[in-house]
Protein chains: 2
Amino acid sequence: MTKVQAADLLRRNGIKKTRQREAVVRILAEAQAPLSVDSIHVRLRHKDDSVNLSTIYRMLEVLLEKGLVEQMHHPLGSKFTYVLSAYGHSHHLTCTRCGVSTRMDSCPVTTALGQLEASHNFHITGHRLEVFGVCAACKSK
Amino acid sequence: MTKVQAADLLRRNGIKKTRQREAVVRILAEAQAPLSVDSIHVRLRHKDDSVNLSTIYRMLEVLLEKGLVEQMHHPLGSKFTYVLSAYGHSHHLTCTRCGVSTRMDSCPVTTALGQLEASHNFHITGHRLEVFGVCAACKSK
DNA sequence: ATGTAGATGCAAATGCATTGCATTTGCACT
DNA sequence: AGTGCAAATGCAATGCATTTGCATCTACAT
């Protein structure tokens, strides 16, 4: 995502534009997988674009309220991770050896949940699915 | 679960029997849903069977190693919760209003995952599904 | 009954996340 | 372009959940 596109996303959503916010959005946009606050922080430092940790937390809070990111627990550790929800509803395959998550291109459960809704008298508003295993790369080692 | 049954479970798994450990196992056995460490602690106090928090943490660590409990993030908060895995592989419906989780009696995804495995070249070893919504009780309010 | 490895309680340490406050900055208005 | 002000930032302090070090106690084998 270019600097301009990041600035656009902020303006369109009524979020005041700052160097820090643009930078965070760009990191999220470039990422192929959910990122922890810490890894966002590290990636920013590598770009010599340092942003304070609290600022990142506060920025993510804003993005959450606006529904622009999804927050989830890292499936193996105990931190939260974040993805731009522009990428849409998605699930991940997490490798238990290397810890890397990759996006699934489709959701394998939506159909199954309709039945569930009826049988449990529960109004379903969302779900989260995490799948664990060993990725192709780790298998070949 | 009776005191005797709890003691049995410990002995069968080569875990030294103590008042505290029996008590924790019984709380877990009686629970209908995953419990946080804190709520285990509170339930124990109500029974006048107080156990130190560290002891509960350490006990759960032991049970985890032996595969006797499953650990998961509380889907809404940021604590871990634990269920006896004797209850088998299961998923939960969590009410976003009252926070209560109830067990699903079946797993709606196992079949779907077979296909996934092939299409992503990923050896699947496990999965976790959380479903959110509004429970019957909260709906009627 | 007794010795010992392991379990417990307590307090302090850790790790992630949040918050209070002084300072800075973006932006609307002139 | 200059000015004012609300909002954003950085830093340090704080809040929780969890973990750890250590002195004491206890279950269990002998």
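All values below were derived from every heavy atom in this structure, side-chain atoms included, with hydrogens, water molecules and symmetry-related copies excluded. The sequence lines fix the lettering, A, B, ..., with proteins before strands; numbering per chain opens at 1.
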Nucleotide [N], atom [atom2] - distance to [atom1] of [X] in whole Å:
| X | N | atom1 | atom2 | answer |
| --- | --- | --- | --- | --- |
| A/Ile40 | C/dA17 | CD1 | C1' | 14 Å |
| A/Leu60 | C/dA17 | CG | P | 10 Å |
| A/Met59 | C/dA17 | CE | P | 17 Å |
| A/Lys17 | C/dA28 | NZ | C1' | 15 Å |

B/Asn52 side-chain N/O to C/dC10 phosphate OP1/OP2 under 4.0 Å: yes
For the student: nearest non-hydrogen atoms of A/Pro34 and A/Thr81, plus distance: CB-OG1, 3.5 Å
Contact pattern, 5' to 3', of nucleotides 16-23 of chain D - B, S or - by protein heavy atom under 4.0 Å: -SBBBB--
Over 12 non-hydrogen atoms of neighbours within 6.0 angstrom of NZ in B/Lys3: no
Student check: side-chain heavy atoms of [X] and [Y] closer than 4.5 Å:
| X | Y | result |
| --- | --- | --- |
| A/Val69 | A/Tyr82 | yes |
| A/Asn52 | A/Ile56 | no |
| A/Leu63 | A/Ile15 | yes |

Aromatic contact, B/His74 with B/Phe80 (centres under 6.0 Å): no
Linked, directly or transitively: A/Leu64 and A/Leu60 (ILVMFWY side chains, under 4.5 Å): yes
Global bending angle along the helix from C/dA1-D/dT30 to C/dT30-D/dA1, which compares the axes of five pairs at either end, to 10 degrees: 30°
Partner residues of B/Lys16 under the side-chain contact (heavy atoms from CB on, under 4.5 Å) criterion, sequence neighbours left out: B/Arg21
Contacts of type side-chain contact (heavy atoms from CB on, under 4.5 Å), residue B/Ile124, not counting sequence neighbours: A/Val131, B/Leu113, B/Leu116, B/Glu117, B/Phe122
Touch class at under 4.0 angstrom, heavy-atom based, for B/Arg19 against every strand present: sugar-phosphate
Partners passing side chain to side chain donor-acceptor pair (under 3.5 Å) against A/Ser50 (at least two apart in sequence or in another chain): none
Evaluation steps, side-chain hydrogen bond (donor to acceptor under 3.5 Å, both in side chains), between B/Asp38 and B/Ser36: CA-CA 5 Å; B/Asp38 188 63; B/Ser36 68; 5.1 Å; no
Between protein and nucleotides 6-8 of chain D, what N or O pairs are separated by less than 3.5 Å?
{"residue": "D/dA7", "atom": "O4'", "partner": "A/Lys16", "partner atom": "NZ", "Å": "3.3"}
{"residue": "D/dA8", "atom": "OP1", "partner": "A/Arg21", "partner atom": "NH1", "Å": "3.1"}
{"residue": "D/dA8", "atom": "OP1", "partner": "A/Arg21", "partner atom": "NH2", "Å": "3.2"}

